[in-house]
2 protein chains.
Amino acid sequence: MIEVLPQFNSTFSIDCILFGFDEGELKVLLIERNEEPFKDWWALPGNLVSENESLDQSASRILHELTGIENVYMEQFYTFGDVGRHPQGRIISVAYYAMLRLGGDKALKPISNYAKQAHWINVKELPKLAFDHQKIFDQGLEKIKRRIKHQPIAFELLPEKFTLTQLQNVYEVILGKKLDKRNFRKKMLSFNVLKDLNEKQKGVSFRAATLYRFDKRKYGKLFGKEISF
Amino acid sequence: MIEVLPQFNSTFSIDCILFGFDEGELKVLLIERNEEPFKDWWALPGNLVSENESLDQSASRILHELTGIENVYMEQFYTFGDVGRHPQGRIISVAYYAMLRLGGDKALKPISNYAKQAHWINVKELPKLAFDHQKIFDQGLEKIKRRIKHQPIAFELLPEKFTLTQLQNVYEVILGKKLDKRNFRKKMLSFNVLKDLNEKQKGVSFRAATLYRFDKRKYGKLFGKEISF
DNA sequence: CCAGATATTGTAAAACTAACACTTATTGTT
DNA sequence: AACAATAAGTGTTAGTTTTACAATATCTGG
């Protein structure tokens, strides 16, 4: 087999935007870099793709290495390849995003040593980011805004059992606008993808709300159809 | 500056899906390869990215080299990076699509010598394609189906002056279903992006239809809003 | 039992969608 | 000049979806 030799040094990497939802705010997982270039800067978690893994596999591996999390569906959304984007050579980056449940069972395991620390940061209070990561982030946020309007993916950010008000909050925070409570509930329930658990919220000092669970089986039927908010 | 050396030979390419519309059919531009691998196979036009060009620039260059066409908006839609996708090494491909007016002023100039020939081929009669190009094509077609439902991009496939029936044909062919004539016209005109040219079709042996032009200024206002068919 | 906090519920007007068929204009033919 | 052929052009109605809007119910803690 004749190998095609690249005419110049080049390679490709994955960057991940991990969205989380906590205390009524949309968060993104950032790491503080411990190595040059951009030492001490905040950045999206990412890494070079290895020889024997596909892009999707690479994204899963990187997510796992950086967070300990497995079995999360990540979606590729864009590839960033401006000439000067990486100071150490021609490296293009394939960007993925995922939406995670924070807290609960899946706490974040320590991050590999290439980062000083990792934190969930409110998307409204982002620090200056390394490389072109601000651009990547902005585009990722736009992507989930569009997606959440058409597919009921907001569940992925919530604990397994959640109230309709919590769900509405997710929509409001991502879309950046208030929604009408009655209309939201009517519409959401009409999709028939929420299972009423006949169970109430606990530990609140006011009327407890009904808990719901996302019904994957029914979701399959909805998938493909378009919904909107 | 410390260069990051890739740990293995790898590089990246662009593949373009060029959609055209002719004789009531959706077409795609394919080349017949003149070199190994996949010599004599049909393939999407594509090439390696050069050192000093961004991905977008590379896509424009490749489009120009292969078709002589310039100033067409191409949109990146996905990056294909399975391990075995290219028999000559680890080459991932960033895929773009564009919608072109066929015929008229912009005839295709001869293709560079790396292809035996290039042809516009009906998307319903595709030959077996090289590499993973069938997969790339399928995904590109899905993409424009989704996009045409939400943004009035069908114009890009038509000559500058067109009739409503021609426009409806584009929608029907891409969406793969018949649309109601009255409802289509009502809706399309309600977007206010078509300028009535007070001019009639010529050379037809039946009642001549009114010609319209796409109004870019008004389109700007619509953009962002969602429409649907 | 009262105050505070949030959950839960319905209705009416407006906008949009979907279904449906006949008349008009033009050309070419007899 | 009539007419056959062909596609252009046009409205209405019923059904569905969206929007706007506010009072009552439930629970907790003091």
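All heavy atoms count here, side chains included; hydrogens, waters and symmetry mates do not.
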Participant: Does C/dT8 have OP1 or OP2 sitting under 4.0 Å from an N or O in the side chain of A/Arg182?
Facilitator: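 Checking C/dT8 against A/Arg182, no side-chain N or O comes under 4.0 Å of OP1 or OP2.
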
Participant: Measure from the side-chain heavy atoms of A/Arg185 and tell me the nearest of D/dT28, C/dA7, D/dG11.
Facilitator: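 Nearest to the side chain of A/Arg185 among the choices is C/dA7.
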
Participant: Please confirm whether the shortest side-chain N or O distance from A/Thr210 to OP1 or OP2 of C/dT8 is below 4.0 Å.
Facilitator: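 Affirmative; the distance criterion is met.
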
Participant: State which of D/dT19, C/dT17, D/dA25 makes the closest approach to the side chain of A/Arg207.
Facilitator: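 Output: D/dA25.
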
Participant: Return the value, rounded to whole Å, for the distance between atom OH of B/Tyr212 and atom P of D/dA8.
Facilitator: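 For the pair B/Tyr212 OH and D/dA8 P, the rounded distance is 12 Å.
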
Participant: Quickly work out the B/Glu199 CD to C/dA25 C1' distance and round it to whole Å.
Facilitator: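 In whole Å, C/dA25 C1' lies 18 Å from B/Glu199 CD.
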
Participant: Mapping A/Phe206 and B/Leu164 to their closest nucleotides on DNA chain D, which lands nearer the 5' end?
Facilitator: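 It is B/Leu164, whose closest nucleotide lies nearer the 5' terminus.
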
Participant: So does B/Leu44 get a backbone contact from the side chain of B/His133, meaning a donor-acceptor N/O pair under 3.5 Å?
Facilitator: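 Confirmed, B/His133 side chain pairs with B/Leu44 backbone.
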
Participant: Angle class for the B/Phe77/B/Phe80 ring planes (parallel below 30°, perpendicular above 60°, tilted otherwise)?
Facilitator: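 Perpendicular: the ring planes of B/Phe77 and B/Phe80 meet at over 60°.
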
Participant: Just N and O in the side chain of B/Thr165: are any of them under 4.0 Å from OP1 or OP2 of D/dA8?
Facilitator: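 True: B/Thr165 side-chain N/O within range (under 4.0 Å) of D/dA8 OP1/OP2.
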
Participant: Per the side chain to side chain donor-acceptor pair (under 3.5 Å) rule, what does the pair list look like for residues 157-167 of chain B, sequence neighbours excluded?
Facilitator: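 Pairs touching residues 157-167 of chain B that pass the test: B/Lys161-B/Glu199, B/Thr165-B/Arg185.
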
Participant: Measure NZ/B/Lys178 against P/C/dC20 and give the value in whole Å, please.
Facilitator: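 Going from NZ in B/Lys178 over to P in C/dC20 covers 16 Å.
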
Participant: Counting C-beta onward and ignoring hydrogens, is there a side-chain heavy-atom pair between A/Phe155 and A/Val193 closer than 4.5 Å?
Facilitator: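 A/Phe155 reaches A/Val193 side chain to side chain.
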
Participant: Measure from the side-chain heavy atoms of A/Ala209 and tell me the nearest of D/dG9, C/dA7, D/dT12.
Facilitator: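 From the listed options, C/dA7 comes nearest.
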
Participant: Going by atom type alone, with no hydrogens or angles, which donor-acceptor pairs under 3.5 Å involve a side-chain atom of residues 204-215 of chain A and a protein atom two or more places apart or on another chain?
Facilitator:
unit_1: A/Thr210; atom_1: OG1; unit_2: A/Lys200; atom_2: NZ; d: 3.1
unit_1: A/Asp215; atom_1: OD1; unit_2: A/Arg217; atom_2: N; d: 3.0
unit_1: A/Asp215; atom_1: OD1; unit_2: A/Lys218; atom_2: N; d: 3.2

Participant: Using whole Å, report how far CG of A/Leu194 lies from P of C/dA7.
Facilitator: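 In whole Å, C/dA7 P lies 15 Å from A/Leu194 CG.
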
Participant: Any donor-acceptor pair, under 3.5 Å, between the side chain of B/Lys186 and the base of C/dT17, if you only look at N and O atoms?
Facilitator: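 A donor-acceptor contact between them is absent.
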
Participant: Taking only the side-chain heavy atoms of A/Ser205 (C-beta and beyond), determine which of D/dG29, D/dG11, D/dA20 contains the nearest atom.
Facilitator: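 Closest of the options to the side chain of A/Ser205: D/dG29.
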
Participant: Let me know the distance between CE of A/Met188 and C1' of D/dT18, rounded to the nearest Å.
Facilitator: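 Spelled out: CE on A/Met188 to C1' on D/dT18 is 15 Å.
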
Participant: Tell me the interatomic distance from B/Phe184, atom CZ, to C/dT17, atom P, rounded to whole angstroms.
Facilitator: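 So the two atoms are 14 Å apart, to the nearest Å.
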
Participant: With a 4.0 Å limit, can you tell me whether A/Lys187 has a side-chain N or O closer than that to the phosphate oxygens OP1/OP2 of D/dT18?
Facilitator: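 True: A/Lys187 side-chain N/O within range (under 4.0 Å) of D/dT18 OP1/OP2.
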
Participant: In terms of side-chain heavy atoms of A/Lys181, which of C/dA21, C/dA25, C/dA7 is nearest?
Facilitator: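 Closest of the options to the side chain of A/Lys181: C/dA7.
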
Participant: If each of B/Asp180 and B/Gln166 is mapped to the nucleotide of DNA chain D with the nearest heavy atom, which maps nearer the 5' terminus, i.e. the 5' end?
Facilitator: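 By nearest-heavy-atom nucleotide position, the 5'-most residue is B/Gln166.
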
Participant: If I take atom CG in residue B/Asn183 and atom P in nucleotide D/dA14, what distance separates them, rounded to the nearest angstrom?
Facilitator: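 These atoms are roughly 16 Å apart.
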
Participant: Would you mind reading off the distance between A/Lys200 atom NZ and C/dA7 atom P, rounded to a whole angstrom?
Facilitator: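 Those two atoms, NZ and P, are 11 Å apart.
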
